[in-house]
Amino acid sequence: SGVSLISKFRGCLAGALFGDCFGAPFEFEDENGPSPVVLNKFFAKLEGPPFKTPKYAYTDDTAMTKCIAQSFVDRASLDERDIAKRFVTDFYTDTTERGYGGHVTEVFRKLRDQQCADPMKPASEQFNGTGSYGNGGAMRVSPVPLFCFGDYNRMIHVAKRVTQITHTHPLGINGAILQCLAIHQGLTLDPRGEPLDVQKFADELITKMEAIEEPDQIDGRRPYNTQLQLIKKLLAKEGGASAHQVQESLGTSVDALFSVPTAIYSFLRAQKPIPDIETDNKFRRTIHYAISLGGDTDTIASMAGAIAGAYFGEEEINDSYKMYCEYVEEILELANGLHKIAKE
Ligand code: R7I
Ligand code: MG
Ligand code: MG
């Protein structure tokens, strides 16, 4: 009974890839997000009769995800220097424009100059030593809950270390850990049978994050806790929260604090029908809704897609998507490799 773990692993990484590829054309395109008509047409076309088109390219989200997954598969252990080298090599050899974050390329330059001898140092120097709070750690964390499946404490540790290669601000690190936890919960829950208890899903994230997130030194509040409480409130709204409310409160920016909770909310909201989104498929609904909010659409859809894929498994993802994105076979092979390690 239920969905197999291998299907969940493949669904998770494929979900991250499809969210990235399909979200990328809309990234910061329109202040309020793409129009419902445009998005419904976009997805209907992908799910309709096959058509000839150049493949949708992945962006930095997938470029970095694949480096981490490949390192785990090849070395079967956490090797920060190896991951840093893969980030750098990929960045400097890739001839396709991947749309990296505005400041992270400075980390790559320093890593290259010191041949990744001290792989955690350049990131700590970002933004005058406070480190980046961008969502670049969270957007690429999906291999971690797969690689560390079955060892919760190690999973948190690895998520943190892998993030710190580029992001050392507590908000950058904790955003990656929260995304990791959401995927992990998705992997462990059975999507068949009882509908997902979305309030409970959020409550469990709150409990786990309370053990991880330090209160702010000035106001004593825990920023991700505040966002998670907001998710619960928005989910409880009669008739569903408006896009505007979600954009204004949870956010759609490149800051981890204002995008990771939005991705989690997208997944939870998509368990039920959403006005203007013409589909019964809950994976589609998740990434469609995430993109509809606008802003950092590739990253929010990628993170939401990873959670949805981990929960529903590969079978909920429309097969035709595989025709239209680059790197599909490869990402599924990486999921197989991580599954092999997790089984051992
Ligand atoms: O976080 P990062 O890897 O960017 C990821 C985003 C995703 O949307 C990708 O799809 C891609 O488009 O980029 O890259 P960073 O350069 O570390 O952070 C991204 C941006 O967040 C920076 O360019 C800054 O604008 C902002 N930012 C900060 N601004 C002020 N102070 C991140 N940290 C800070 C900060 O501490
Ligand atoms: Mg991107
Ligand atoms: Mg992005």
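Small disclaimer: the values here were computed from a predicted structure and weren't measured. Just the heavy atoms: all of them, side chains too, but no hydrogens, waters or symmetry mates, feed the values below. Note that ligands are numbered from 1 as they come in the structure, with each ligand's atoms numbered from 1 the same way.
Ligand 1 lies less than 4.0 angstrom from a heavy atom belonging to His167. At a 4.0 Å cut-off, at least one heavy atom of Gly131 sits close enough to ligand 1 to count as contact.
Below 30°, between 30° and 60°, or above 60°: for Tyr133 and His169 the angle between ring planes is above 60°, a perpendicular geometry. Ring geometry for Phe18 against Tyr321 counts as perpendicular: the plane angle is over 60°, on a 0 to 90° scale with 30° as the lower cut.
Residue contacts with ligand 1: Val104 is placed with a nitrogen or oxygen under 3.5 Å of a nitrogen or oxygen of the ligand (distance criterion only).
Between Asp216 and Arg222, no side-chain nitrogen of the basic residue sits less than 4.0 Å from a carboxylate oxygen of the acidic one, so the salt-bridge criterion is not met. No salt bridge links Glu344 with Lys340; every basic N to acidic carboxylate O contact stays at or beyond 4.0 Å. At a threshold of 4.0 Å, the pair Arg86-Asp90 does not count as salt-bridged, since none of the basic side-chain nitrogens sits closer than that to a carboxylate oxygen.
The nearest heavy-atom contact from the protein to atom 3 (O) of ligand 1 is Gly136 CA, 3.3 Å. The protein heavy atom nearest to atom 12 (O) of ligand 1 is Glu27 OE2, 2.9 Å. Asn135 OD1, 3.5 Å is the protein heavy atom nearest to atom 6 (C) of ligand 1. Closest to atom 8 (O) of ligand 1, if we only count protein heavy atoms, is Asp296 OD2, 2.5 Å. Nearest non-hydrogen protein atom to atom 33 (N) of ligand 1 is Tyr133 N, 2.9 Å. Looking only at heavy atoms of the protein, atom 23 (O) of ligand 1 is closest to His103 ND1, 2.9 Å. The protein heavy-atom contact nearest to atom 4 (O) of ligand 1 is Gly101 CA, 3.5 Å.
Counting heavy atoms under 4.0 Å from ligand 1, residue His169 does not touch it at all. Counting heavy atoms closer than 4.0 Å to ligand 1, residue Phe127 contributes side-chain atoms (C-beta onward) but none from N, CA, C or O. If you look at Gln126 next to ligand 1, there are no close heavy atoms at all, none under 4.0 Å. When heavy-atom distances to ligand 1 are checked against a 4.0 Å cut-off, Thr105 has no atom that comes that close, whether in backbone or side chain. Under 4.0 angstrom from ligand 1, the non-hydrogen atoms of Asp298 all belong to its side chain.
Of the possible donor and acceptor atoms, one in the side chain of Gln126 sits under 3.5 Å from a partner among the backbone N and O of His103. Between the side chain of Asp61 and the backbone N or O of Ala16, no donor-acceptor pair lies under 3.5 Å. Side chain of Asp60 to backbone of Ala63: no donor-acceptor contact under 3.5 angstrom is found. Judged by distance alone, with hydrogens and angles left aside, the side-chain atoms of Arg10 form no donor-acceptor pair with the main-chain N or O of Glu333 at under 3.5 Å. Side-chain atoms of Lys55 do not come within 3.5 Å of backbone N or O of Tyr324 as any donor-acceptor pair.
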Exercise. Could you go through the salt bridge (Lys or Arg N to Asp or Glu O under 4.0 Å) check for Lys282 and Glu316 one step at a time?
Key: CA-CA 7 Å; Lys282 292 176 186 171; Glu316 185 73 7; over 6 Å; no

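Taking a cut-off of under 4.0 Å to the non-hydrogen atoms of Asp60, the atoms of ligand 1 that pass are 9 (C), 10 (O), 11 (C), 13 (O). Residue-ligand proximity, Asp61 to ligand 1, at heavy-atom distances under 4.0 Å covers atoms 9 (C), 10 (O). Close approach to Gly99 involves these atoms of ligand 1, each under 4.0 Å from a residue heavy atom: 11 (C), 12 (O). For ligand 1, the atoms closer than 4.0 angstrom to any heavy atom of Ser132 are 15 (P), 17 (O), 18 (O), 32 (C), 33 (N). Close approach of ligand 1 to Thr299 (heavy-atom distance below 4.0 Å) involves ligand atoms 7 (C), 8 (O), 9 (C), 10 (O). Atom numbering of ligand 1 starts at 1 in the shown order; those under 4.0 Å from a heavy atom of Gly102 are 16 (O), 23 (O). Distances below 4.0 Å separate heavy atoms of Val254 from the following atoms of ligand 1: 8 (O), 20 (C), 21 (O).
Among the atoms of Asp298, an N, O or S atom is found under 2.8 Å from the Mg ion (ligand 2). Metal site remark for the Mg ion (ligand 2): Ser302 contributes no N, O or S atom at a distance under 2.8 Å. At a threshold of 2.8 Å, the Mg ion (ligand 2) has a backbone or side-chain N, O or S atom of Asp61 nearer than that distance. In summary, Asp60 places an N/O/S atom under 2.8 Å from the Mg ion (ligand 2), meeting the contact criterion. Asp296 lies close to the Mg ion (ligand 3), since one of its N, O or S atoms is found at a distance under 2.8 Å.
Side-chain polar atoms of Ser7 and Glu315 form a donor-acceptor pair below 3.5 angstrom.
The shortest side-chain heavy-atom distance between Ser259 and Met303 falls under the 4.5 Å cut-off.
If you look at Glu27 and ask which of its N, O or S atoms sits nearest the Mg ion (ligand 3), the answer is OE2.
Linking Ile, Leu, Val, Met, Phe, Trp and Tyr residues whenever their side-chain heavy atoms come within less than 4.5 Å leaves Val104 and Phe127 in two separate clusters.
Remark: Lys66 NZ is packed, more than 12 non-hydrogen atoms of other residues, nucleotides or ligands lying under 6.0 Å away.
Relative to the ring axis of Tyr58, Arg98 places its NZ or CZ within 45° and under 6.0 Å from the centre.
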